[in-house]
Amino acid sequence: MNTTSLLNLGASGMMAAQAQLSTTGHNIANASVEGYSRQTVRAETAAGMYSGSGYFGRGVDVRTVERQVSSFLTDQVSQTSAQASADEVRKKMLGQLESSFGTGQQGIGYAATQLFNAFGDVAAQPADASARRVVLERSDDVASMFRSTASSLNSLQSGVTQDLKNSVQEVNSLAKHIGDLNGQIAATRGGGQKPNDLLDARDQLVKELSGYVQVNRVEQDDGSLNLFVGGSQSLVVGTNAYQFKAEPDPTNTSVTRVTLEADGVSRQLDANAVGGGRLGGLLEFQDSDLASARSQLDAMANSLSTEVNQLQSQGWSLKLDASGQPVAGAALFSTGKNGAADLKLAAGLSTDDIAASAQGGTVTSPRSNNTNALAFQKLGEKTLTFTLADQSKVDATFTDYFSQVVADVGVRVQTAGNRADVSSKLASDAQQQLGSETGVNLDEEAANLIHYQQSYQAAAKVLQVAQKIFDTLISIGGG
Amino acid sequence: MRLSTAYSYESSVYQLQRRQEEMSKAQQQMTSGKRVERPGDDPTAAAQIERALVEESRGKQMQRAIDASRNSMTQTESALGDAVDLSQRAREALVAAGNGSYGASERKALVQTLTEIKSQLLGVANQQDGAGNLLFGRLDNNSVKFDSRVSSDVTDASGNSLQSSEGLPLSIDGPAAWLHLKSGNGVFETAAASGNTGTGWVTAGQVTDPSAWNALSSHAYTVSFANDPNTGSLTYSVTDDASGAAMADGNGNTTFAYQTGQSINVVPGIEFTISGSPTAGGDSFHVGDSTANLNVFKALDKAIAALGSSTVNSGQVTQAVNAGISDMDQVLSSFQAARSQVGETLNSLDGVESRNSGRILSAQTSRSNVEDVDMVQAISEFTNRQASYQAALQSYSSVQKMSLFNYINS
């Protein structure tokens, strides 16, 4: 045994304590950085030195700096946050859809009832121009309400399209970034030490990516991470990142489709395949909620305009033909191929065009017959057939159907809200679990700081003792 | 369990935001007074609200229909009142014309009065409501007026009155009230043959036994006159137009001595009186079923024509006066019937209106029940939320102050 080894012991203790202090400092510095995993110094007792009187310890070795990691929890956070962000975006979009459908006195149902009621006033005064004028105004009102609802659905659709395009860009850039990090991580493989901060950065990127699209992760031997979408579609393989595209549907250009291009083959992904994330939520909203709302709105517009125009053609207006005979009423609504968006009050109508009178039979003057006006008024109670986009039919009165549509949107909003609540709770639970496993707790770090500082002081004290011993030896030699 | 400091900041801020959101939602409900502001708040309630709103607006439309009906019925009622007054005056004029001492010139003045009354009645019949609908129009030819053409040639069939959606009348059946009255006394009618030369005239008669009259197979009879071959006094006999058989009384007699003003009751169930001096062998009087073709204007025209002629004898004058008075009685009873029908309608409108306001009220109530917020509940909810938000804020600020670093001194 000699005093030099005591010096070495003190020095190794100081070095280890300094490494621990600096790692603690790193933890404190990164405490609020998202995706940062707590790091710890792995110190080991150095192998003892054999002497005739047994093994003498040789101090401490710093083996490596580890990051606290739980790949299960990390994956859990990705999956739950994908679901949460899908539900969240769908809830937000449904909230907008909900406000597109006016309800109560601002609703289409009420406006249509006002139209039917206006015909009741015409029935009371069949020849009264002002009652007839009100019918024209109410028809215009209903038509414009249909158009404005349709146009707000259209602007929701363009919002979805824009959002899908932005999200796709974001996904592509994240995938590329992950591919790059895969390369850097694989390159450090030879050093035998894990590049903790790069791994953290990659996990964080995967989590961000999960906010847009649900991915499955498969870790490779070289440390790189392969990502798959929709079960088996490659998104990132090694350093290769494939590209998402958002393009109009070739058969229906008003909706946007998302495709993934891998090795020259492009495959369309629907909401199910995307699984979650913002893309999944937007696709589900577009294909299920918005499509159904559109189809219901168009069904209402078509049914109403068909019924009203048909009744018009079955009655006599106040206009006379060349031979002095009353003519059938002209169509009140003009329609187009775009359903509700094209519904308009027909151009050039005058109050005389309203067919309040029944045709033929005993009617000698359409000015004094209100049979058809009564039929118009009864439209409010009549069971109409509403044909949806998928050709399924619903029989209900106009009011009942509109109430159903409102309730349907309401149920969707409510369900989406509940789903969003549940999934955000799950996501935050997963995040909390991961945080408790890998996150930085400043109190702990403070305790560590004191602890390692004391270790450092103690090791320094060993050095001081070694120096004193040395001094003692030298003074003996000098004396 | 160890807590990640970053997460605990994040999660407590998230919790604070939730509390704030809940509080603001409770506040919004309180300020708007609505529990269901958007369908998502309560889809079932939202659908109920839609239905209740439509129900309410239909009720309001119904109220307008009731008002329209009441307006036109009130106007019709007062028009019928005018018509009754005018017919009453016409009747009085006819009674005056029966004065035996009146000559052709006095009758001329009365004819003038009757003509005047007829044109006033036409005015009443063609009265319109504010919107140009005829009060006494009917469905489909509402705009065809009762003009003088109608008064001379009645082809206008009666029909349904114009009605609003719930069957509330907007006009009464004008032709039925003005043009299709029962002739005679309402059961049978009597008339002098047009070629009569004597001064005999017949009263409208009355029914003494409705079932006996109804049981008869024939309702057409002729009264003819002859001189008794033995005494030379005037006799009459009544023959059944259908069988040609003479009617016999209880003793089997078929020929009866004529006495002016004596009631003739050989036809079962009815009696009427012939007065004056009919000419034997030529004059006859007819009895027939009442028909629904008495027209107010035509009846007046007939009386005017008879009274205005300068070649009539006293019997024809009395006959015309008599027939005219009987016709006016029918007219008056027709107007009274129409008037009471209108009164009944006005009455029932009150019932319909009260039912309808009940319907509106119940729609409003059920809407309010699902839509409106219960203030007591809302206030206590808000106070709760406020307290929990406050507690969250306080705990956040006090917990976040705690850190071990505070105790590390240099």
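In what follows, chains carry the letters A, B, and so on, assigned in the order in which the sequence lines appear, proteins first and then strands, with residues in each chain numbered from 1. What you are looking at is a predicted structure, and each value in this text was computed from that prediction instead of being measured.
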Measure the OG1-CZ distance between A:T113 and B:R51 for me, rounded to the nearest 0.5 Å. 12.0 Å
To the closest 0.5 Å, what do you measure between OH (A:Y36) and OG (B:S4)? 12.0 Å
What part of A:T397 gets closer than 4.5 Å to chain B, counting heavy atoms only: side chain, backbone, both or neither? neither
Given heavy-atom pairs under 4.5 angstrom as the criterion, report whether the side chain, backbone, both or neither of A:I108 touches chain B. neither
CD of B:E37 to OG of A:S99, rounded to nearest 0.5 Å, is 12.0 Å
Minimum side-chain heavy-atom gap A:D400-B:E50 below 4.5 Å: no
Test your reading of the model: is there a side-chain donor-acceptor pair from B:R64 to the backbone of A:A124, 3.5 Å cut-off? no
Smallest heavy-atom separation, A:D443 atom then B:S403 atom, equals OD1-CA, 3.6 Å
Does any backbone or side-chain atom of B:R2 lie under 4.5 Å from a heavy atom of chain A? Answer side chain, backbone, both or neither. both
With a 4.5 angstrom heavy-atom cut-off, which part of A:L449 approaches chain B: side chain, backbone, both or neither? side chain
Can you name the closest pair of heavy atoms from A:G95 and B:R38 and give their distance? O-NH2, 2.8 Å
Rounded to the nearest 0.5 Å, the CD atom of A:Q114 sits from the NZ atom of B:K60 at a distance of 9.0 Å
Applying the side-chain contact (heavy atoms from CB on, under 4.5 Å) test to B:P39, which of A:V411, A:T103, A:L97 qualifies? A:T103
Heavy-atom cut-off 4.5 Å, strictly under: side chain, backbone, both or neither for B:I49 against chain A? neither
Taking B:T5 for the side chain and A:V440 for the main chain, is one N or O donor matched with an acceptor at less than 3.5 Å? yes
Answer with side chain, backbone, both or neither: which region of B:Y14 has an atom nearer than 4.5 Å to a non-hydrogen atom of chain A? side chain
Identify which part of A:D121 has an atom lying under 4.5 Å from any heavy atom of chain B, answering side chain, backbone, both or neither. both
For a quick test of reading the model, state the closest non-hydrogen atom pair linking B:F405 to A:L442 and the distance between them. CE1-O, 3.4 Å
Identify the two heavy atoms, one from B:A6 and one from A:A31, that lie closest to each other, and give their separation to 0.1 Å. CB-O, 3.3 Å
To check you understand the geometry: which heavy-atom pair defines the closest contact between B:Q61 and A:N117, and what is its length? OE1-O, 3.0 Å
Which heavy atom in B:P43 sits nearest to a heavy atom in A:Q414, and how many Å separate them? CD-OE1, 3.4 Å
Which atoms of A:R412 approach chain B - backbone, side chain, both or neither, heavy atom under 4.5 Å: neither
Comparing A:T438, A:D408, A:L434, A:V406 against chain B, the one with the most heavy-atom pairs below 4.5 Å turns out to be A:V406
Any heavy-atom pair between the side chains of B:I408 and A:Q453 that's under 4.5 Å? no
Within a reach of under 6.0 Å around NZ of B:K34, are more than 12 heavy atoms found that belong to other residues, nucleotides or ligands? yes
Just how far is it from atom CG of B:L404 to atom CD of A:E444, taken to the nearest 0.5 Å? 11.0 Å
Portion of A:S428 that has a non-hydrogen atom of chain B nearer than 4.5 angstrom: both
Where on A:A447 is there a heavy atom nearer than 4.5 Å to chain B: the side chain, the backbone, both, or neither? both
Interchain contact, B:S11 with chain A, by part (heavy-atom threshold 4.5 Å): neither
